[in-house]
Amino acid sequence: MPVKKKRKSSGSAAAAADDTGLKKCKLGSYCRSQASGKVISGEEHFSSKKCLAWFYEYAGPDEVVGPEGIEKFCEDIGVEPENIIMLVLAWKLEAESMGFFTKEEWLKGMTSLQCDCTEKLQSKFDFLRSQLNDISSFKNIYRYAFDFARDKDQRSLDIDTAKSMLALLLGRTWPLFSVFYQYLEQSKYRVMNKDQWYNVLEFSRTVHADLSNYDEDGAWPVLLDEFVEWQKVRQAS
């Protein structure tokens, strides 16, 4: 019987990217419960002028929302700073924007959502959460997260950023996530490529927590083959 040809591992790829600030992401709730003192009426029309003035409440002289502005924005809308990435990812699916850190991105995203103030954006949280809960939409968000999180001069995610993003995206829904996280921490891998990233989601959706239906002859990346072997050794010990 011919030996199955494995895909090449990316463990020896280019040096890991610089710290993106995602390492300290926590597995908290997506949004804090926020009791707004203002009721938004469906008759209130979107105002680009008002939206732009809202942007400048957080932007610096360079017309970019920097770390301090993001922290204030998170506090105002009731989203934990470590979970703002989830809001951006869900937002992207609707607005096809890379975020809201520049004036152009802010206006594009907020215009798509028809939000020109804090209260209107808060009223969209249920919709944005629904994007994360929908299987098809979540797949698009998950795939987008790879390009969102990687350094633009790198083709792969450094492993620390990959672990943080996986914690945000799969940490609360994948029974094997904590085990997979431990595996990555002790593994030889220093980066994760796009093929590996995509297949982790497919693996999390199709392979049982006890690995009983894992197909060793399937076309899984070597990273996942090695994870299964590693976990089976642990289970047997």
Side-chain angles (χ1 to χ4, degrees), residues 1-20 22-27 30 85-86 89-90 92-93 131-237:
M1 178 177 177
V3 178
K4 178 183 65 171
K5 184 178 180 180
K6 299 281 188 181
R7 301 182 190 181
K8 292 184 178 179
S9 166
S10 65
S12 59
D18 293 337
D19 188 349
T20 64
L22 294 172
K23 292 182 182 180
K24 296 183 180 179
C25 293
K26 301 176 182 177
L27 295 179
Y30 173 40
I85 299 300
M86 292 295 280
L89 292 174
K92 182 271 172 187
L93 194 69
Q131 302 299 294
L132 296 170
N133 294 329
D134 179 78
I135 292 178
S136 178
S137 296
F138 181 80
K139 182 177 181 179
N140 291 333
I141 291 170
Y142 178 90
R143 290 191 166 202
Y144 168 73
F146 182 89
D147 289 322
F148 177 87
R150 70 178 172 84
D151 279 359
K152 299 312 174 231
D153 60 344
Q154 299 287 333
R155 298 184 64 181
S156 301
L157 279 180
D158 73 85
I159 203 65
D160 287 323
T161 300
K163 288 187 298 184
S164 295
M165 291 301 294
L166 288 171
L168 282 172
L169 293 161
L170 301 178
R172 285 171 286 180
T173 58
W174 183 23
L176 276 176
F177 171 74
S178 61
V179 178
F180 186 66
Y181 191 97
Q182 292 175 44
Y183 164 72
L184 290 178
E185 285 197 313
Q186 60 80 54
S187 75
K188 63 186 178 183
Y189 293 96
R190 295 294 174 263
V191 294
M192 183 177 291
N193 64 36
K194 184 175 288 188
D195 180 62
Q196 292 166 336
W197 178 264
Y198 286 2
N199 274 279
V200 168
L201 176 62
E202 185 66 19
F203 184 98
S204 73
R205 287 181 167 179
T206 59
V207 177
H208 299 163
D210 63 2
L211 305 175
S212 59
N213 67 331
Y214 184 77
D215 182 6
E216 295 181 355
D217 294 322
W220 296 107
V222 174
L223 178 147
L224 290 172
D225 285 332
E226 293 178 348
F227 164 62
V228 171
E229 293 171 5
W230 175 83
Q231 175 62 357
K232 286 184 175 179
V233 169
R234 292 177 75 237
Q235 289 174 329
S237 61

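For this chain, numbers begin at 1 and follow the sequence in order. For the numbers below, each heavy atom of this structure counts, side chains included, while hydrogens, waters and symmetry mates do not. Note that the coordinates shown come from a computational prediction; the quantities given were computed from them, not determined experimentally.
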How far apart are the C-alpha atoms of Asp147 and Lys194, what are their side-chain angles, what is the distance that settles it, and do they pass the side chain to side chain contact (heavy atoms under 4.5 Å, CB included) test?
-> CA-CA 9 Å; Asp147 289 322; Lys194 184 175 288 188; 3.7 Å; yes
Between Asp134 and Ser136, does any side-chain donor sit less than 3.5 Å from a side-chain acceptor?
->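 Per modelled atom types, Asp134 and Ser136 side chains form no pair under 3.5 Å.
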Heavy atoms of Trp220 and Thr206 approach each other most closely as CH2-OG1, 3.8 Å
Which heavy-atom pair separates Lys163 from Phe177 by the least distance, and what is that distance?
-> O-CZ, 4.3 Å
Quick one: does [X]'s side chain get under 4.5 Å of [Y]'s, heavy atoms only?
{"X": "His208", "Y": "Tyr214", "result": "no"}
{"X": "Arg205", "Y": "Ile135", "result": "yes"}
{"X": "Leu157", "Y": "Val191", "result": "no"}
{"X": "Phe146", "Y": "Met165", "result": "no"}
{"X": "Lys139", "Y": "Leu201", "result": "yes"}
{"X": "Leu166", "Y": "Val200", "result": "yes"}
{"X": "Leu176", "Y": "Leu211", "result": "yes"}
{"X": "Leu184", "Y": "Phe227", "result": "no"}

Pair Lys232-Glu226, salt bridge (Lys or Arg N to Asp or Glu O under 4.0 Å): steps then yes or no | CA-CA 10 Å; Lys232 286 184 175 179; Glu226 293 178 348; over 6 Å; no
Once the angle between the rings of Tyr189 and Tyr183 is folded into 0 to 90°, is it parallel (under 30°), tilted (30 to 60°) or perpendicular (over 60°)?
-> tilted
Under 3.5 Å, is there a donor-acceptor pair between the side chain of [X] and the main chain of [Y]?
{"X": "Tyr142", "Y": "Leu170", "value": "no"}
{"X": "Asp151", "Y": "Asp153", "value": "no"}
{"X": "Gln231", "Y": "Val228", "value": "no"}
{"X": "Ser164", "Y": "Asp160", "value": "yes"}

Rounded to the nearest 0.5 Å, what's the gap from NZ on Lys188 to CG on Leu223? Could you check?
-> 9.0 Å
Go through the steps to decide whether Phe180 and Phe203 satisfy the test ring pair (Phe, Tyr, Trp, His ring centres under 6.0 Å), and finish with yes or no.
-> CA-CA 11 Å; Phe180 186 66; Phe203 184 98; 7.3 Å; no
Report, as yes or no, whether the 6.0 Å neighbourhood of atom CZ on Arg155 holds more than 12 heavy atoms from other residues, nucleotides or ligands.
->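 No.
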Please report the C-alpha distance between Trp174 and Val179 in whole Å, then the side-chain angles of each, then the deciding distance to 0.1 Å, and finally whether the side chain to side chain contact (heavy atoms under 4.5 Å, CB included) criterion is met.
-> CA-CA 10 Å; Trp174 183 23; Val179 178; over 6 Å; no
NZ/NE/NH1/NH2 to OD/OE distance under 4.0 Å, Asp158 and Arg150 = no
Is it true that Glu185 and Arg190 have a side-chain N and a carboxylate O under 4.0 angstrom from each other?
-> no
Does the pair Gln182 and Arg234 meet the rule for a side chain to side chain contact (heavy atoms under 4.5 Å, CB included), with working shown?
-> CA-CA 12 Å; Gln182 292 175 44; Arg234 292 177 75 237; 3.5 Å; yes
Go through Arg143 and Trp197 one step at a time and tell me if the side chain to side chain contact (heavy atoms under 4.5 Å, CB included) criterion holds.
-> CA-CA 8 Å; Arg143 290 191 166 202; Trp197 178 264; 5.6 Å; no
